[in-house]
Amino acid sequence: AQTVTQSQPEMSVQEAETVTLSCTYDTSESDYYLFWYKQPPSRQMILVIRQEAYKQQNATENRFSVNFQKAAKSFSLKISDSQLGDAAMYFCAYRSARNTPLVFGKGTRLSVIA
Amino acid sequence: GAVVSQHPSWVICKSGTSVKIECRSLDFQATTMFWYRQFPKQSLMLMATSNEGSKATYEQGVEKDKFLINHASLTLSTLTVTSAHPEDSSFYICSADQRVGSGELFFGEGSRLTVL
């Protein structure tokens with residue numbers, strides 16, 4: 001079974017600085033999707049960024065970018081120019097193919113210090 | 001596009017009663033919907049997978065008779081918590097899969113259930 005590991009239960013970053021959240025996963029599949037979701041106190045799940053495994057280029061979305069290392073099964077999230085609104089729980093998630101569920105890591109709680 | 005609406009967002013009920021939570025895809029047809037449960041300060045745990053017109057597939061340890069899932073149409077799935085007890089108090093979130101898409105699942109707003 002696929003597993004997702006987030007080894008950092010909590011992280012903090014100064015406003016305007018950069019922070020990297022770690023994620024590793026285990027799978028025997030060759031084609032899959034990886035995601036980072038943000039969950040603020042409202043508990044709404046917000047997609048931050050996604051990556052298709054067949055794409056070598058790392059995904060970027062404005063201040064958010066990933067470092068996808070397929071061989072190492074690593075998928076870290078970098079947040080640049082951190083803002084107070086970035087404070088939330090961040091979940092790394094894996095999905096092997098269509099019609100399969102997302103498998104989530106345990107999450108990393110990010111605090112942003114003004 | 002790709003909006004999923006979940007209702008109610010918050011419900012309080014007495015022990016022994018049943019509660020129904022609805023999950024609707026508003027602007028797309030959802031071939032599959034997934035139901036997750038989240039305890040405070042924990043991650044999302046998959047409860048079941050529902051496909052339109054067929055029986056739901058439950059994860060190990062999830063009681064089928066307690067958590068009834070129905071997916072009667074391509075836009076609606078329901079989760080009924082039967083004979084609720086305080087230990088069923090939790091946050092329940094649904095997510096939906098588009099027929100043609102990018103592999104992304106779309107989440108409802110979640111439902112906070114408190115059983116007294």
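Each chain gets a letter, A, B and so on, in the order the sequences are listed, and its residues count up from 1.
When side chains are defined from C-beta on, A/Leu102 does not count as touching B/Phe34, because their heavy atoms never get closer than 4.5 Å.
Sparse packing is recorded around NZ of B/Lys64, with 12 or fewer heavy atoms of other residues, nucleotides or ligands lying under 6.0 Å away. Within a 6.0 Å radius of CD in A/Gln56, other residues, nucleotides and ligands contribute 12 heavy atoms or fewer. Counting non-hydrogen atoms of neighbouring residues, nucleotides and ligands closer than 6.0 angstrom, the NZ atom of A/Lys78 reaches no more than 12 such neighbours. For B/His85, the NE2 atom sits in a packed shell: over 12 heavy atoms of surrounding residues, nucleotides or ligands are nearer than 6.0 Å.
Cluster membership check: A/Val4 shares its hydrophobic cluster with A/Leu21, using side-chain heavy-atom separations under 4.5 Å among Ile, Leu, Val, Met, Phe, Trp and Tyr. Residue A/Tyr33 is not grouped with residue A/Phe68 when hydrophobic side chains (ILVMFWY) are merged at heavy-atom distances under 4.5 angstrom, including chains of intermediate members. Residues B/Trp35 and A/Val103 do not share a hydrophobic cluster, defined by chaining ILVMFWY side chains whose heavy atoms lie under 4.5 Å apart. No chain of hydrophobic side-chain contacts below 4.5 Å, direct or via other Ile, Leu, Val, Met, Phe, Trp or Tyr residues, connects B/Tyr36 to B/Trp10. A/Phe35 is not connected to A/Val48 by any chain of hydrophobic side-chain contacts under 4.5 Å among Ile, Leu, Val, Met, Phe, Trp and Tyr, and they are in different clusters.
A distance of 12.5 Å separates CE of B/Met45 from CZ of A/Phe104, quoted to the nearest 0.5 Å. Separation of atoms CZ (A/Arg43) and CZ (B/Phe91) is listed at 5.5 Å; rounding is to 0.5 Å. B/Asp97 contributes atom CG, which lies 4.0 Å from atom CZ of A/Arg95 (distance to the nearest 0.5 angstrom).
If you tally non-hydrogen atom pairs under 4.5 Å between each of A/Ser42, A/Gly105, A/Pro101 and chain B, the highest count goes to A/Pro101. With respect to chain B, the highest number of heavy-atom pairs below 4.5 Å among A/Met45, A/Met89, A/Arg109 belongs to A/Met45. Contact tally against chain A (heavy-atom pairs below 4.5 Å) for B/Ile93, B/Thr49, B/Thr32, B/Leu105: the top residue is B/Leu105.
If you measure heavy-atom distances from B/Gln6 to chain A, you find no contacts under 4.5 Å at all. For A/Gln6, no part sits under 4.5 Å from any heavy atom of chain B, backbone or side chain. With a 4.5 angstrom heavy-atom cutoff, B/Leu46 touches chain A only via side-chain atoms. Contact of A/Leu47 with chain B is made through the side chain alone, with heavy-atom distances under 4.5 Å. Looking at A/Tyr37, the atoms closer than 4.5 Å to chain B (heavy atoms on both sides) all sit in the side chain, from C-beta outward. If you measure heavy-atom distances from B/Glu109 to chain A, the contacts under 4.5 Å come from both the backbone and the side chain. Proximity to chain B is limited to the side chain of A/Arg50, based on heavy atoms less than 4.5 angstrom apart.
Contacts of A/Tyr90 classified as ring-ring contact (aromatic ring centres under 6.0 Å, His included), with partners at least two apart in sequence or in another chain: none.
When all heavy atoms of B/Ser43 and A/Lys106 are compared, the pair lying nearest together is CB-CA, 3.9 Å.
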